[in-house]
Participant: 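Here's a structure for you.
Predicted, not measured: the structure shown is a model, and the values here were computed from it.
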Amino acid sequence: MSELSGKITAAFLAVAFWVTAAGGGAYAEDASNAPSGNTGSSVVQQAEVTQPVTAGIKPVVQSTPAGLKPLDKEAGNKSVKTQKAGKAADKNSCFSTGTMSASKSGCGFTDQKICVAQPKGKSEAKKVSASDKKGYGAQLNETGKTGEKAASEQTAQAPPKCVSPADTTVVSEQGPVPEKIDYDKAVQYAVSKHPDILIAKEKINQARSQYIDAKSALEFKFKLYGSYTRLDPAATVDVMGMKLNLSVHDNFTGRATLEKVISTFGNAENAISAAALNVQAAEENYQKVYQDVAYSAKQSYFEALRAEGNRSVAKENIDIVREQLKLANDLFDAGIQPRYEVLRNELFFSQAQQTLITNQKNVEMAISNMLSTLNMDIQTKVELDIPDKVKMIKVNLEDAQKLATENRHELKSLRISIEAAHRLLAAAMANKNPVLSFVSVAENKTLSGLSGDANTFTQSLVLNIPIFDGGVTNAKVMSAKASIKELEENLEKMTRAVKLEVKDSVLSIQEMEAKMDASRKDVETAKEGYQIALARYENGISTTLELDDARRSYSNSQAIYINILYEYGIAVAKLEKATASTWKGVQK
């Protein structure tokens, strides 16, 4: 009985062992095969569903022509199916900087790719196989860092967004905070220490010195005179047996003279008046130089704004072409467009980059020219205060010309110089007139011999009448008349030039004002045209040539509008210089 129970127990254990082994093996087989098979089928099915189907259009095989390097895209230039299949496995976010690329993430440059590992969730961590863990561990061993630490450091190094080389070139260099310069500051800097203005100030001082010199002809003059003479032997004479000293050994003389010209009968008086007028003429010349320097500052400021505006247009153009390039790559990946369209957009992108580089150079040179005009170091870091409105003025040509002939400083200076020349002519003609002077002398001297008092005082009126001066007066008269004739001709010539300058300024303002509205409408029309062309291109109706033509029209219309805008500002500044007046207007 015991033997029978032992056999039954052994058989039961054998059956249980066999059942357990068979079930475990089946479970292990299902566990190793089922996940991989299901995953593969689902990915392939998903790719087949997302593959676009277009009637009458065959998919384009992604082949690279000889001598051309394929675009370095975010997913390694994979096909649509490969990208969809690898979406779950690709957990890294890549940023591209450097040369041009067509990355779908918007990164338009790939010289160095920076990939940031994203942390996996708990559910994904459980699905990592042993081989994946081994490969991941080998990758960590190469870097020598843990996954979380490497991810955090790479994230810190990665830029927050894609930045193009053109964008990085316009960023200001490290250094002090740039100084902001607006319209008024540009004028203030220019006139504060400009060499031409400093020279004009010195000419005013020179004219004032000449006036003081001319005025001194009618001022009091006081002179002191002293002398010492030793006679050895002293002169003596015998008079009736008496010895009389005619001189002494030591002789001292002191004299004080006070002179005052009472009248020159027109000679000095006219010369003084001419010198005073020359001071006024120098002051008017200073105002003229001030106006010229202020205009140069305004013009250089607007030129810098024009260059900055063209650079902004070029930067916007690069962004548009980058989006076109991205769209072309998407259509190429979808089999809708050939690779030729991608290559053309790459060419357009390269041309846009070159245009931006040229505009960047123009901005640097325009700012340097402005700083030079403002008498500042051309290496100074400045920031332009770009106005959002333009001063629009209303001007009448006849009124502006009349205002210019009255206020223009060089015309005022010429009128004053003509009057001064007439005074100099009168002074030259009065050179033959007599001169009446008053002279007072006080003298102290050593007594000797028969001399009287040691101290003497004399007052006298002196009338000097010139008889013959060798032709000097006639020469001065002829020179003064020639100067008057020359100044009158210059005044007439300058008046015509000023009126012409005013007319040119007024016509330029009217021209730019008329063009401004039309150009603004052109920008709006070109922008709408580009949007329509872009929609047609996205739907496969038009080609890259049509889209690029619309883009160029939009970019050119923007550049023309900016040029008109700042040409108007320069024309207003030129009118203010031409009329020597500040024109008030409405900010629009």
Participant: Considering only heavy atoms from C-beta outward, does the side chain of Val523 approach that of Tyr554 to under 4.5 Å?
Facilitator: yes
Participant: Tell me every residue that passes side-chain contact (heavy atoms from CB on, under 4.5 Å) with Gln280, counting only those two or more places apart in sequence or in another chain.
Facilitator: Leu277, Ile416
Participant: So, do Val502 and Ser505 sit near enough that their side-chain heavy atoms are less than 4.5 Å apart?
Facilitator: no
Participant: Suppose we screen for side chain to side chain donor-acceptor pair (under 3.5 Å). Which residues come up paired with Gln510, at least two apart in sequence or across chains?
Facilitator: none
Participant: Going by the salt bridge (Lys or Arg N to Asp or Glu O under 4.0 Å) test, which pairs reach into residues 396-407, not counting sequence neighbours?
Facilitator: none
Participant: Going by atom type alone, with no hydrogens or angles, which donor-acceptor pairs under 3.5 Å involve a side-chain atom of residues 485-501 and a protein atom two or more places apart or on another chain?
Facilitator:
from, atom 1, to, atom 2, distance (Å)
Asn490, ND2, Glu486, O, 3.4
Glu492, OE2, Arg496, NH1, 3.4
Thr495, OG1, Leu491, O, 2.7
Glu501, OE1, Arg408, NH1, 3.4
Glu501, OE1, Arg408, NH2, 3.0
Glu501, OE2, Lys577, NZ, 3.0

Participant: Mind jotting down which residue pairs meet the side chain to side chain donor-acceptor pair (under 3.5 Å) criterion with at least one end in residues 195-206? Sequence neighbours excluded, please.
Facilitator: none
Participant: If only side-chain N and O atoms count, and only distance matters, is there a donor-acceptor pair under 3.5 Å linking Tyr228 with Asp250?
Facilitator: yes
Participant: Strictly below 4.0 Å, N to O, side chains only: are Glu316 and Arg551 in salt-bridge contact?
Facilitator: no
Participant: What pairs of residues pass the salt bridge (Lys or Arg N to Asp or Glu O under 4.0 Å) test when at least one of them lies in residues 295-309, not counting sequence neighbours?
Facilitator: Lys298-Glu576, Glu303-Arg306, Arg306-Glu567, Glu308-Arg311
Participant: Are Asp522 and Ser557 close enough that a side-chain donor and a side-chain acceptor fall under 3.5 Å?
Facilitator: no
Participant: Between Thr579 and Asn407, is any pair of side-chain heavy atoms under 4.5 Å apart?
Facilitator: no
Participant: So Met392 and Tyr568, do their side chains get closer than 4.5 Å, heavy atoms only?
Facilitator: yes
Participant: Hey, what's the ring geometry for Tyr183 with Phe302, parallel, tilted or perpendicular (30° and 60° as the breaks)?
Facilitator: tilted
Participant: Does a donor on one side chain and an acceptor on the other come within less than 3.5 Å for Thr264 and Glu269?
Facilitator: yes
Participant: Measuring only between side-chain heavy atoms, which start at C-beta, is Lys476 closer than 4.5 Å to Val472?
Facilitator: yes
Participant: Please check if atom CE in Met429 has more than 12 non-hydrogen atoms from other residues, nucleotides or ligands closer than 6.0 Å.
Facilitator: no
Participant: Answer whether the closest heavy-atom distance between the side chains of Asn464 and Ser437 falls below 4.5 Å.
Facilitator: no
